[in-house]
Amino acid sequence: MKRVAILISGSGSNMVALARSMARDHPARPVLALSSDVGAAGLDRARALGIPARAIEHRGRAERAEFEAALQSALVDAAAEIVCLAGFMHVLSADFVARWQGRLLNIHPSLLPLHRGLHTHARALAAGDAESGCTVHEVTAALDDGPILGQARLPILPGDTAESLATRVLGVEHVLYPAVLRRFAAGDRTPLHLP
Ligand code: GRF
């Protein structure tokens, strides 16, 4: 039974979807939720699901080494074997990634390699893309660039705004990430494509 830690920064809707997916016959279970923001709504949502949750505040780049040392200590204390970034809004250092590479996953709200970085929905609309979606990938030192483990696609509709697109993409994120984690925890890295 793989021990999964989930890192968040805000609402934690992906963390909730992952945690609920591990509730029954599943090769993994959630052992810790960590938030970079003390005010993250996801902290109480994790506790409501019975998951130990704590904040490790990210106070800016000056203290990144201190922040990551605290993350590492909490992950080791929880004996985490897989780390899922889920709405986690910080770039991790190459040193931290090196310690977890191969066991560190992220979900990104675009069809990578399109639209790495922020504001993906507005950029997809501005680019006139016919479709959008989300990608689950292994995290490497390069931003939003690691081996793809799964993608979910959906059409961009006439009249879509960044907000309406974000809402629809978030809905498929909650399907894709749990499906990818189930396979990944069972040792299967075959990329999953939805639909
Ligand atoms: C999601 O779109 C996720 O892909 C991005 O942050 C957004 C919020 O995620 N990284 P969550 O609701 O906090 O899981």
Side-chain angles (χ1 to χ4, degrees), residues 4-23 28 30 32-49 51 53-58 71 82-92 96-97 100 104-127 129 131-140 142-156 160-182 184 191-194:
V4 175
I6 306 172
L7 274 54
I8 66 172
S9 293
S11 62
S13 71
N14 275 288
M15 178 271 301
V16 171
L18 289 170
R20 286 180 172 155
S21 76
M22 292 184 265
L32 179 65
L34 288 176
S35 172
S36 60
D37 181 335
V38 291
L43 286 169
D44 284 340
R45 298 174 84 179
R47 295 179 183 119
L49 291 166
I51 303 168
R54 56 177 285 208
I56 296 178
E57 201 167 3
H58 187 284
L71 285 182
I82 296 172
V83 178
C84 291
L85 306 183
F88 183 73
M89 302 307 284
H90 303 285
V91 177
L92 295 165
F96 185 96
V97 170
W100 291 94
L104 181 58
L105 278 60
N106 181 47
I107 189 159
H108 181 76
S110 80
L111 295 174
L112 292 174
L114 290 175
H115 311 310
R116 293 187 176 95
L118 298 174
H119 313 303
T120 60
H121 306 300
R123 289 160 59 200
L125 291 170
D129 296 349
E131 59 179 10
S132 185
C134 52
T135 304
V136 176
H137 63 95
E138 290 190 45
V139 176
T140 58
L143 181 66
D144 299 330
D145 190 48
I148 290 177
L149 294 169
Q151 285 196 316
R153 295 171 180 272
L154 52 74
I156 291 180
D160 255 331
T161 62
E163 293 72 27
S164 64
L165 187 54
T167 301
R168 287 212 316 283
V169 170
L170 196 58
V172 293
E173 290 180 37
H174 298 160
V175 176
L176 179 70
Y177 213 169
V180 169
L181 178 60
R182 178 182 286 274
F184 188 84
L192 174 65
H193 294 283
L194 303 177

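Only heavy atoms go into these numbers, but all of them, side chains included; no hydrogens, no water, no symmetry mates. Note that ligands are numbered from 1 as they come in the structure, with each ligand's atoms numbered from 1 the same way.
- Nearest protein heavy-atom contact of atom 1 (C) of ligand 1 is Glu173 OE1, 3.3 Å.
- For atom 8 (C) of ligand 1, the nearest non-hydrogen atom of the protein is Gly87 CA, 4.3 Å.
- With His115 as the fixed residue, the side chain to side chain donor-acceptor pair (under 3.5 Å) test singles out one of Asp144, Thr135, Asp129: Asp129.
- Inside a 4.0 Å radius of atom 3 (C) of ligand 1 there is at least one protein heavy atom.
- Between Leu104 and the options Leu7, Ile82, Val97, a side chain to side chain contact (heavy atoms under 4.5 Å, CB included) holds for only Val97.
- Between His108 and ligand 1, a contact under 3.5 Å exists for no N or O pair.
- Under the 3.5 Å distance criterion, the side-chain polar atoms of Arg153 are left unmatched by any main-chain donor or acceptor of Ser132.
- By the 4.0 Å heavy-atom criterion, Ile8 is excluded from the residues contacting ligand 1.
- With a heavy-atom cut-off of 4.0 Å, Val169 does not touch ligand 1 at all.
- Under the 4.0 Å criterion applied to side-chain N and carboxylate O atoms, Arg168 and Asp160 are assigned as salt-bridge partners.
- For the pair Pro191/Leu149, no side-chain contact is recorded, criterion being any heavy-atom separation below 4.5 Å from C-beta on.
- Each of Val172, Leu176, Val180 was scored for a side chain to side chain contact (heavy atoms under 4.5 Å, CB included) with Leu194, with one residue passing: Leu176.
- Close contacts between ligand 1 and Ser11 involve ligand atoms 11 (P), 12 (O), 13 (O) [criterion: under 4.0 Å to a heavy atom].
- His174 and Ser13 are linked by a side-chain donor-acceptor pair at a separation below 3.5 angstrom, with hydrogens and angles left out of the test.
- Annotation: Gly10 places no N or O atom under 3.5 Å from an N or O atom of ligand 1; distance criterion only.
- Ring-plane geometry between His90 and His58 is classed as parallel, the angle between the planes falling under 30 degrees on a 0 to 90 degree scale with a further cut at 60.
- In terms of protein heavy-atom proximity, atom 12 (O) of ligand 1 is nearest to Ser13 OG, 2.6 Å.
- The protein non-hydrogen atom at the shortest distance from atom 13 (O) of ligand 1 is Gly12 N, 3.1 Å.
- Nearest protein heavy-atom neighbour of atom 14 (O) of ligand 1: Asn14 N, 2.8 Å.
- In summary, the atoms of ligand 1 found under 4.0 Å from a heavy atom of Leu170, numbered by their order in the structure, are 1 (C), 2 (O).
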